[in-house]
Amino acid sequence: MKAAVFHSPGKITCDETEDPKIEAQDDVILKVTSTAICGSDLHMYSGGIPQARPMVMGHEFMGIVEETGSNVHGLKVGDRVVVPFPIACGGCFFCDHDLPGHCENSNPDMYGPEGGILTEKGGGMFGYSDLYGGYNGGQAQYVRVPFANTGPRKVPDHLTDSQVLFLTDIFPTGYTGVMWGELKGGETVAVFGAGPVGVMAAKSAVLHNASKIIVIDTLQYRLDRVKAQTGCETVLWKNAKDTIEEIRHLTQGRGADLCIDAVGFEPERNIVDRVKATVNFEKGSIKVLDACFSAARRGGRISILGVYPVNYDNFRLGQIFDKGLTVKAGQAPVHAVIDKLLGYVAEGKVVLDDVITHRMSLTDVAKGYEIFDKKEDGCVKVVLDPWK
Ligand code: NAD
Ligand code: ZN
Ligand code: ZN
C-alpha cells in the first residue's frame with residue numbers, strides 16, 4: 001500500500017509499504033478514505049518529538065472497515081467510521097474515568113506514572129512515535145485499528161468525509177479546551193493560535209455561548225479566516241506585551257475568563273527565544289503559555305491544548321498562585337466527547353470542513369507537510385486522499 005512514512009525530521013514521503021494485518025482479535029483493518037495532517041505531526045516533522053526508526057504517520061483519519069478480528073462486536077466489513085486519535089482499551093482504570101489518553105494498556109513499553117520526557121508516557125496514539133506505542137498511523141491506504149470495540153464510531157451516510165473527519169482530533173480537542181473552562185455562558189474566551197485547533201476552540205466557544213471570543217495569531221490570513229467563520233475579535237501578535245495589553249483592553253482591564261493555548265512549544269521564535277532555550281536546555285518556548293497566564297483574569301482558567309514535551313524553568317508558579325488560576329492540560333479525551341460532537345455535526349449546529357484549505361493526493365504528502373509547516377499558500381488544513 002501507499003503510506004506517508006516518517007524517515008527523519010523534515011523528511012516524510014509517500015512510500016510503498018507493507019499492508020497492515022490483524023494482530024489481535026479486537027483489531028480491525030480500515031481502508032482509509034480521508035486523512036489530514038495535524039499540527040502535532042509538525043512536532044515530529046521538526047524533530048521536536050523524537051523518532052528514530054521509520055513509521056507511518058497520521059492520527060486523523062476515517063474510512064471503511066475492510067477486515068475484522070474475531071472478537072470485534074458492533075462493527076462489520078463495510079461500516080464507515082471515524083477513529084479517535086488516542087488508542088484506548090476501554091476497560092482500564094483511566095478508560096473507565098473518561099481519560100483515554102492515559103489508557104494503561106495501549107502503550108505497554110513506554111507507559112508509566114511519572115510522565116517523563118522520554119519515558120513513562122501515557123497511552124498510545126496512531127502514527128506518533130515509539131514514545132506513544134509505535135503504532136503505524138492513518139496517512140495511508142490502510143491502517144490497523146487496535147481496540148476496535150472502543151474507538152471507531154460509525155458515521156451517518158448523508159455526512160461527507162470532510163464533514164466528519166475532524167471528529168478524530170481537532171474538533172474534540174478545541175471543544176475540550178472550552179469544556180475545561182467550565183463556562184456558564186457570557187464569558188470572554190481568548191484563544192491563542194488560529195491554526196486548526198484554535199479555530200475549533202473558537203467554534204466551541206460559540207457553542208458554549210461565550211459573549212466575546214478573541215483569537216490571537218502571528219498570521220493575519222489565519223485571523224481573517226477565523227473571524228469570518230466565528231465572528232470573533234482578533235489580535236495580531238507582534239509581541240507578548242502588546243498582545244496582553246490589547247486583550248486586557250477588550251476585557252475591561254481584567255483579562256479573559258478563559259485563555260486557551262492552541263499554539264504549544266513551537267511558536268514563532270526570535271533570536272532571544274532561541275538563545276534562552278539553548279541556555280536552559282529547553283525545547284522551543286513557553287512564551288505563549290506565559291501570555292495566557294498574563295491575559296487571564298484573576299480567578300480565571302487556562303486550557304493548554306498546544307503540546308509541551310519537556311519541563312521548563314521559570315514557569316510562572318508565583319503568578320498562577322497570586323492570580324488563583326486553574327490550569328488544565330493534556331491530550332483531548334476524544335472518546336469521552338465524540339458522540340456528543342457527532343450529534344452537533346449531524347444536527348448542523350457546527351460546520352467543521354470550512355477549515356480545509358488544501359486537498360491533495362497522499363502521493364503529494366511531502367508537499368502537504370511543507371506548505372502546512374511553512375504556512376504557505378494560505379494553508380490552514382491539508383486533507384489527503386489516499387486513493388487519488
Ligand atoms: P498549527 O501549527 O497550524 O497552529 C499553531 C498556530 O499558532 C499557527 O497559526 C501559528 O501561526 C500560531 N502562532 C505561532 N506563534 C504564535 C504566537 N506567538 N501567538 C499566537 N499564535 C502563534 O497547528 P494546530 O493543528 O492548530 O495545533 C496547535 C497545537 O495543538 C499544536 O501544538 C498541536 O500539537 C496541538 N494539539 C494538541 C492536541 C491535544 O489533544 N491536546 C490535539 C491536536 C493538536
Ligand atoms: Zn492531532
Ligand atoms: Zn484503557
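Both counts, for ligands and for their atoms, begin at 1 and track the order of listing. Hydrogens, waters and symmetry mates are skipped; everything else that's a heavy atom, side chains included, is used.
Using cut-offs of 30° and 60° on the angle between ring planes, the pair Y132 and Y128 is tilted.
When hydrogens are left out, the protein atom nearest atom 38 (C) of ligand 1 is T173 CG2, 3.5 Å; that is the closest non-hydrogen contact. Closest to atom 44 (C) of ligand 1, if we only count protein heavy atoms, is S40 OG, 3.2 Å. Regarding atom 16 (C) of ligand 1, its nearest protein heavy-atom neighbour is T218 CG2, 3.7 Å. Atom 11 (O) of ligand 1 has its closest protein heavy atom at D217 OD1, 2.7 Å. The single protein non-hydrogen atom nearest to atom 25 (O) of ligand 1 is G39 N, 3.0 Å, given as residue, atom name and distance. Scanning the protein for heavy atoms near atom 30 (O) of ligand 1, the closest one is G306 CA, 3.7 Å. Looking from atom 4 (O) of ligand 1 to the surrounding protein, the closest heavy atom is G195 CA, 3.6 Å.
Using a 4.0 Å cutoff on heavy atoms, P172 does not count as a contact of ligand 1. Using a 4.0 Å heavy-atom cutoff, F85 is listed among the residues neighbouring ligand 1.
K323 is not listed as a side-chain neighbour of R316, based on a closest heavy-atom distance of 4.5 Å or more. Counting heavy atoms from C-beta outward, F192 and I247 have side chains that approach closer than 4.5 Å. Residues M55 and M44 form a side-chain contact, since some pair of their non-hydrogen atoms from C-beta on lies under 4.5 Å apart.
Residues H208 and Y175 place their aromatic rings such that the two centres sit under 6.0 Å apart. Y369 and F6 have their aromatic ring centers separated by at least 6.0 angstrom. Aromatic pair H59/Y135: centroids not less than 6.0 angstrom apart.
Ligand-side atoms of ligand 1 in range of P267: 14 (C), 15 (N), range being under 4.0 angstrom from any heavy atom. Listed by atom number, the atoms of ligand 1 under 4.0 Å from Q331 heavy atoms are 39 (C), 40 (O), 41 (N). Counting atoms of ligand 1 from 1 in the listed order, those under 4.0 Å from a heavy atom of C38 are 43 (C), 44 (C). Residue contact check: F372 has heavy atoms under 4.0 Å from atoms 3 (O) of ligand 1. Every atom of ligand 1 with a heavy atom of A262 under 4.0 Å away is listed here by number and element: 5 (C), 28 (C), 29 (C). Residue contact check: E268 has heavy atoms under 4.0 Å from atoms 14 (C), 15 (N) of ligand 1.
Comparing heavy-atom distances from atom 3 (O) of ligand 1 across H59, R222, K381 singles out R222 as nearest. The heavy atom nearest to atom 32 (O) of ligand 1, out of those in H43, M200, M125, is found in H43.
Residue contacts with ligand 1, taken as heavy atom pairs separated by less than 4.0 Å, involve K375 solely via side-chain atoms from C-beta onward. By the criterion of a heavy-atom distance under 4.0 Å, neither the backbone nor the side chain of F265 is placed next to ligand 1. The side chain of D169, and not its backbone, has at least one atom closer than 4.0 Å to an atom of ligand 1 (non-hydrogen atoms only; side chain from C-beta on). The side chain of L219, and not its backbone, has at least one atom closer than 4.0 Å to an atom of ligand 1 (non-hydrogen atoms only; side chain from C-beta on). Heavy atoms of W237 found under 4.0 angstrom from ligand 1 belong exclusively to the side chain.
In terms of polar-atom proximity, defined here as any N/O pair under 3.5 Å, V288 makes no such contact with ligand 1. Taking only nitrogen or oxygen atoms, main chain and side chain alike, V263 reaches within less than 3.5 Å of ligand 1. Every N/O-N/O distance between I304 and ligand 1 stays at or above 3.5 Å.
Residue C92: an N/O/S atom is found under 2.8 Å from the Zn ion (ligand 3). Among the atoms of D169, an N, O or S atom is found under 2.8 Å from the Zn ion (ligand 2).
Side chain of E67 to backbone of V77: no donor-acceptor contact under 3.5 angstrom is found.
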### Task
Might you work through the salt bridge (charged side-chain N to carboxylate O under 4.0 Å, His left out) test for K203 and D354, ending with a clear yes or no?
CA-CA 11 Å; K203 285 176 187 275; D354 58 359; 2.9 Å; yes
### Message
Show, in sequence, the C-alpha distance, side-chain angles and deciding distance for D79 and K76, and conclude whether the salt bridge (charged side-chain N to carboxylate O under 4.0 Å, His left out) test is met.
### Response
CA-CA 6 Å; D79 282 344; K76 57 181 188 325; 3.0 Å; yes
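With hydrogens and angles left out, the side-chain atoms of D15 and T17 include no donor and acceptor closer than 3.5 Å. Side-chain N/O atoms of S294 and Q319 include a donor and acceptor closer than 3.5 Å.
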